[in-house]
Amino acid sequence: MTTEHPGLRESNLFNRDVIHEIQRAAREGIYGIRGWGSKRYLPHFDDLVFLGASMSRYPLEGYRERCDTDVVIGDRYASKPLHLKIPITIAGMSFGALSAQAKEALGRGASAVGTSTTTGDGGMTPEERESSTQLVYQVLPSRYGMNPDDLRKADAIEVVLGQGAKPGGGGMLLGLKMNERVAAMRDLPPGIDQRSACRHPDWTGPDDLEIKIRELRELTDWEKPLFIKIGASRPYYDTALAVKAGADVIVLDGMQGGTGATQDVFIEHVGIPTMPALRQAVEALMELDMHRVVQLIVSGGIRSGADVAKALAMGADAVSIGTAALIALGDNSPEFDEEYRKLGSAAGYYDDYQAGCDPAGISTQDETLASRLDPVLGGDGWQTICAPSPWRRRSLPGPVVNPTC
Amino acid sequence: MEQLFDLAQTPLRELNQALHDCLPDAAESVWRIVNPKGEHAVACGIDTPADVQIQGHVGYYCAGMNKQAHVVIHGNAGTGVAENMMSGLVRVKGNASQSAGATGHGGLLVIEGNAAARCGISLKGLDIVVRGSVGHMSGFMAQRGSLVICGDAGHALGDSIYEAKIFLKGKAQELGADCVEKELAEEHLTFLAALLESAEVDADASDFRRYGSARCLYHFDIDNADAYA
């Protein structure tokens, strides 16, 4: 920890980041709130490598031989499961946390590559429904904007118990982003700091959840796949209970998962990382003989085709991406560096999604900023980023191991 | 013509599918359901002007997300009766379990007996009238709409309430965080009297007290920390 000035040693325990946070807390008297996800080191897929084919494993010709990447999601009970062309879906992010343009861009990109996108803690917008060929509708504790018409319009239903950035915690949307439209969708006064509930209002445990899921199936005539999303905390037990509750699909969000606004202490100190969480969930499914019967979608820090391939190799059926999709739309782009610096941040560091001042027009409800993001171009960009991932995934199984891919 | 469904003979799925097959702009239909025997999700997801009479006790989520229909339960109701209802009328002749009318967006829910914990939790525009008493945490985080209680209320009434109105005739064991008594002005008396009349509950509006949000928790501020206590 020696600086450029010999003899000056920075404390590992009380380093400059820690000192800054203590002084900020003393000044402001309240915990720090920010977006993004965990920023500290956590074990991740980079710590795994594949074994290439050799004597005992027969390789495929990666770019010539057929290697399907499609996956059917939710066929345990639903009469109309999702059929995704790629095993990469878009995670739930709310209109409110994100601009309408960003939501539309995600829908356009997802539709172009044949996958699904997901609503969030603010209900379904017409733009999002129109731009998404396969849309998963979240049923969250807050039930903001929840209505049976949108439930029926959805292609799948996701009951959200938690998210990886804050398992056990409710959502936040600070007043800076609660404009008239967002507030009206949530039945709240504009401009207030909105706190979402952390627990569901009409069920209190796994036995109740089973009955709740049956109600949702009855409401939608048993057509829609029912997902249960859990924040990685006790994934072995939660996965088993989700199977018991009647889920078609389990969405497991690891500690690296992103958020629009959460207490920093919650992001960095609650939950378990994606990779060990995935292993526990797969173990639970295999013990119940439900692996590949109840599909497992994993999220939290998925950045590349290599991450996708490793998650699938560990037993996931598909992955969800959130932060990576926003980056593909332009989040933290160097082109906005000057504006990030005016906000006290910089390209590559920006995480003030809660503030609503995003120069990239993504995590904002400011009309001028949001209009910077063209949903058509944004959708094209994210599609272009996403499209190579299956190619990377396909490039791996060939020389690696899987003769049945 | 009345349609009769005996749930001792007919699967629930057939009943709900038949109700869902009625179009939103269809003529009014009349339904009688017998032998519900505590079945869950009875008559949920209706979106048609139906008159539904349920003869007996029902389980969880009866009349969930109801639109337009008038549903009368001639018995007790389990958890989450009329949860997230959008419009129409749901009447429980007996008692209701917890989370009655949870997150309801519109319409009227009448409970002629008592309601358990979390009645009217996260309300979003529904009006609820309870002829008896309600359990703890009723009106928790209620955003819009009203909760009328002719009896008493348990602990933490209206905890973290937003802009919903609570009218209480009896006593609250304790008010929740950020919930305070407010003036019962003429406009509130008029509103409450009309609501009681719609609910066919015989009570004098002037006997009630009104409760709502102190609005101290609307913004994160260290000076409001005591409000959470």
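Only this structure's heavy atoms are used, side chains among them; waters, hydrogens and symmetry mates stay out. All chains are named by letter (A, B, ...) in the order of the sequence lines, taking the proteins before the strands, and each is independently numbered beginning at 1.
- Heavy-atom distances place the side chain of B:M137, and not its backbone, under 4.5 Å from chain A.
- Taking the side chain as every heavy atom from C-beta outward, A:W203 and B:E83 never approach each other to under 4.5 Å.
- In this structure, no portion of B:N66 lies under 4.5 Å from any heavy atom of chain A.
- Atom NE2 of A:H200 is separated from atom OG of B:S99 by 12.0 Å, given to the nearest 0.5 angstrom.
- By the 6.0 Å contact criterion, CD on A:E367 is open, its count of non-hydrogen atoms from other residues, nucleotides or ligands being 12 or less.
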Stepwise side chain to side chain contact (heavy atoms under 4.5 Å, CB included) check, A:R186 with B:Y162: CA-CA 12 Å; A:R186 298 178 187 224; B:Y162 289 99; over 6 Å; no
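- In this structure, the separation between CD1 on A:I211 and OG1 on B:T79 is 7.5 Å, given to the nearest 0.5 Å.
- A:R152 approaches B:G45 most closely through the heavy-atom pair NH2-O, 2.6 Å.
- When B:M86, B:E163, B:H20, B:M85 are compared by the number of non-hydrogen pairs under 4.5 Å with chain A, B:H20 comes out ahead.
- Remark: B:N16 CG to A:L219 CG distance equals 8.0 Å, nearest 0.5 Å.
- Shown here is A:K80, whose NZ atom has no more than 12 heavy atoms of other residues, nucleotides or ligands within 6.0 Å.
- A distance of 9.5 Å separates CD1 of B:I121 from CZ of A:R143, quoted to the nearest 0.5 Å.
- The 12-atom threshold is exceeded at NZ of A:K39, counting heavy atoms of other residues, nucleotides or ligands nearer than 6.0 Å.
- Closest approach of B:T103 to A:P201, counting heavy atoms only: CG2-CG, 3.6 Å.
- The backbone N or O of A:L174 lies less than 3.5 Å from no partner atom in the side chain of B:H219, so there is not a single donor-acceptor pair.
- Closest of all the heavy-atom pairs between A:N147 and B:M65 is C-SD, 4.5 Å.
- Summarising the geometry, atom CD belonging to A:Q194 is positioned 7.5 Å from atom CE belonging to B:M141; distances are rounded to the nearest 0.5 Å.
- Contact check on A:D221 versus B:R13 returns a salt bridge, with a Lys/Arg side-chain nitrogen under 4.0 Å from an Asp/Glu carboxylate oxygen.
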Evaluation steps, side chain to side chain contact (heavy atoms under 4.5 Å, CB included), between B:Q17 and A:E218: CA-CA 8 Å; B:Q17 189 65 60; A:E218 282 292 328; over 6 Å; no
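- The one candidate from B:R144, B:Q143, B:K124 that meets the side-chain contact (heavy atoms from CB on, under 4.5 Å) condition with A:L188 is B:Q143.
- Most heavy-atom pairs under 4.5 Å with chain B: of the set A:D187, A:T204, A:I33, this distinction falls to A:D187.
- Rounding to the nearest 0.5 angstrom, the gap separating the CZ atom in A:R214 from the SG atom in B:C44 is 11.0 Å.
- Looking only at side-chain heavy atoms (C-beta outward), B:D47 and A:D149 come within less than 4.5 Å of each other.
- Residue B:E181 qualifies as enclosed at atom CD: its count of foreign heavy atoms under 6.0 Å is above 12.
- In this structure, the portions of B:Y61 lying under 4.5 Å from any heavy atom of chain A include both its backbone and its side chain.
- The closest side-chain heavy-atom distance from A:D208 to B:Y60 is below 4.5 Å.
- Side-chain atoms of B:N84 come within 3.5 Å of backbone atoms of A:M146 as a donor-acceptor pair (strictly under, hydrogens ignored).
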